[in-house]
Amino acid sequence: EGFLEWMYPARALRVVLEPNLSSAQHTTVCIKPASDFQGASIYVERAGQLHLVVSEAEGAQPHHVSCFSAHTPQRVALFLQASPQRDISRRTASFQYELLSNQSTAGPDFKKMALVEATCRPCDNVELLMAICSSDFVVKGSIRNVSHDSENHVSQVDVSVQRVYRQKNRIFHQDEASGEWRGPIRTLLQCQVKKGGGDFLFTGNEHFGEAWLGCAPRFKDFMFVYRAARERGANPCEF
């Protein structure tokens, strides 16, 4: 993952990403333009042909993420074409990118945030035990509110956090006024998440600075599964 900022874009810029993903059978590339993206369009280069990924007009859309499959996992070439400008006012074409070697995301349709692992079903015990080992965030908390964004096909779960076991970045933080720990977690609208009482163990991964929901069992159910696995010596990591 990374970030590129091109100030005062003029003419064109070719960016070659060469990730250490040579063992991956499929590579998915996702690009999220900054909210003030302007002055250029982004193309992906394939077999000498340029295919438009982000136009200058799309750059201003919030939460706009474009994902596409790389034809070769060794390198991905992006082509940034500056837009003709008559004035010299400041423009900045900047974007974040992520490269994923997840085979399940390889396919022709990435329009609905294919980078999200959400499957809209409860995790089985094996997936749950692995989630606490490999997730970017693991927190215990309750649901404060659930809001839905039908335009972007996304739901947001606002979580009141009792304990942060792990987080990659400071998505879950302490409110200065109330002293309460809280944070937002996003998921797909099609998962039809609803507000429920009680404590949950929220796990998942971060993409473009946002937390995306993975496994989220009730905390008491998780502890039952974990303790049983630990007695058998079948827990993949200590919790």
Side-chain angles (χ1 to χ4, degrees), residues 1 30 32 62-63 65 96 98 100 102 104-105 112-239:
E1 60 184 338
C30 294
K32 182 179 182 180
H63 309 303
V65 175
Q96 296 171 272
E98 288 191 13
L100 308 173
N102 187 350
S104 65
T105 61
K112 292 187 179 180
M113 297 286 285
L115 57 90
V116 182
E117 294 88 351
T119 56
C120 300
R121 60 168 176 78
C123 296
D124 62 31
N125 291 352
V126 174
E127 291 171 325
L128 180 53
L129 292 169
M130 283 304 300
I132 62 171
C133 308
S134 59
S135 295
D136 289 339
F137 66 89
V138 181
V139 299
K140 177 186 178 182
S142 57
I143 300 175
R144 298 176 67 247
N145 186 47
V146 178
S147 55
H148 304 289
D149 181 352
S150 57
E151 183 177 349
N152 292 298
H153 309 286
V154 168
S155 296
Q156 178 169 303
V157 182
D158 294 316
V159 176
S160 176
V161 178
Q162 297 176 27
R163 182 171 179 182
V164 177
Y165 295 96
R166 182 194 312 133
Q167 64 171 327
K168 186 177 178 181
N169 296 302
R170 287 186 53 82
I171 290 177
F172 304 95
H173 57 276
Q174 191 172 25
D175 183 74
E176 294 183 1
S178 65
E180 180 187 23
W181 281 75
R182 59 180 61 171
I185 303 176
R186 300 166 73 80
T187 189
L188 297 178
L189 183 67
Q190 68 197 43
C191 295
Q192 298 181 334
V193 174
K194 298 178 181 178
K195 183 177 180 180
D199 296 332
F200 295 83
L201 187 72
F202 297 98
T203 71
N205 290 311
E206 294 184 21
H207 296 291
F208 300 110
E210 297 174 334
W212 286 87
L213 187 64
C215 300
R218 291 193 175 274
F219 190 78
K220 58 180 175 50
D221 295 337
F222 160 74
M223 289 305 299
F224 177 81
V225 171
Y226 177 76
R227 285 171 179 152
R230 192 175 185 184
E231 288 177 6
R232 301 192 312 272
N235 54 312
C237 64
E238 289 292 327
F239 178 74

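What you see is a predicted model; the values in this text were computed from it and never measured.
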Find the distance between CD (Glu98) and NZ (Lys32) and round it off to the nearest 0.5 Å. 10.0 Å

Could you grab the distance from atom CE of Met130 to atom SG of Cys123, nearest 0.5 Å is fine? 12.0 Å

By salt bridge (charged side-chain N to carboxylate O under 4.0 Å, His left out), Lys220 pairs with (sequence neighbours left out) none

Pair listing, salt bridge (charged side-chain N to carboxylate O under 4.0 Å, His left out) test, anchored in residues 156-172, at least two apart: Glu1-Lys168

Of all residues at least two apart in sequence or in a different chain, which pass the side-chain hydrogen bond (donor to acceptor under 3.5 Å, both in side chains) check with Asp175? Ser178

Under the side-chain hydrogen bond (donor to acceptor under 3.5 Å, both in side chains) test, which residues partner Asn169, sequence neighbours left out? Glu206

Listed partners of Arg144 passing side-chain hydrogen bond (donor to acceptor under 3.5 Å, both in side chains), at least two apart: none

Under 3.5 Å, is there a donor-acceptor pair between the side chain of Glu127 and the main chain of Ala131? no

Show me the pairs that pass disulfide bond (SG atoms under 2.5 Å apart) and involve residues 147-179, at least two apart or across chains. none

Do Val65 and Phe208 touch side chain to side chain, with heavy atoms closer than 4.5 Å? yes

Taking all atoms of both residues into account, what is the closest heavy-atom pair of Val154 and Arg186, and its distance? CG1-NH2, 3.4 Å

Minimum heavy-atom separation for Val139 and Tyr165, please, with both atom names. CA-CD1, 4.3 Å

Side-chain donor or acceptor of Glu180 paired with backbone N/O of Ser160 under 3.5 Å: no

My understanding is that only residues two or more places apart in sequence, or in another chain, count here; which of them pass side-chain hydrogen bond (donor to acceptor under 3.5 Å, both in side chains) with Asp199? Gln162

Taking ring pair (Phe, Tyr, Trp, His ring centres under 6.0 Å) as the cut-off, I'd like each qualifying pair that reaches into residues 169-195, sequence neighbours left out, listed once. Phe137-Phe172

Verify side chain to side chain contact (heavy atoms under 4.5 Å, CB included) between Val159 and Phe202, making sure each step is shown before the conclusion. CA-CA 9 Å; Val159 176; Phe202 297 98; 3.7 Å; yes

Looking at CG of Leu188 and OG of Ser155, how far apart are the two atoms once the value is rounded to the nearest 0.5 Å? 8.0 Å

Please tabulate, for side-chain N and O atoms in residues 222-239, each donor-acceptor pair with protein atoms closer than 3.5 Å (sequence neighbours left out).
unit_1	atom_1	unit_2	atom_2	d
Tyr226	OH	Glu238	OE1	3.4
Tyr226	OH	Phe239	N	2.8
Arg230	NH2	Glu238	OE1	3.2
Arg232	NH1	Ala228	O	3.4
Asn235	ND2	Cys237	O	3.3

Please report the closest heavy-atom contact between Pro217 and Leu128, naming both atoms and the distance. CG-CD1, 3.5 Å

Does any pair with a residue in residues 138-179 pass disulfide bond (SG atoms under 2.5 Å apart), and if so which ones, sequence neighbours excluded? none

Give me the atom names and distance for the closest heavy-atom approach of Ile171 to Gly209. CD1-O, 3.7 Å

Any pair with a residue in residues 147-184 that passes disulfide bond (SG atoms under 2.5 Å apart), sequence neighbours left out, goes on the list, sorted by first then second residue, please. none

Which residues pass the side-chain contact (heavy atoms from CB on, under 4.5 Å) test with Val146, not counting sequence neighbours? Ile143, His148, Val157, Val193, Lys195

Write down the atom of Thr203, the atom of Cys215, and the distance for their closest heavy-atom approach. OG1-O, 2.7 Å

Euclidean distance, Leu213 CG relative to Gln156 CD, rounded to 0.5 Å: 12.0 Å

If you count the non-hydrogen atoms of other residues, nucleotides and ligands that lie under 6.0 Å from CD in Gln192, is the total more than 12? no

What's the spacing between Lys140 NZ and Phe219 CZ if we round to 0.5 Å? 4.5 Å

What's the shortest heavy-atom distance between Ala216 and Phe200, and which atoms? O-CD2, 3.7 Å

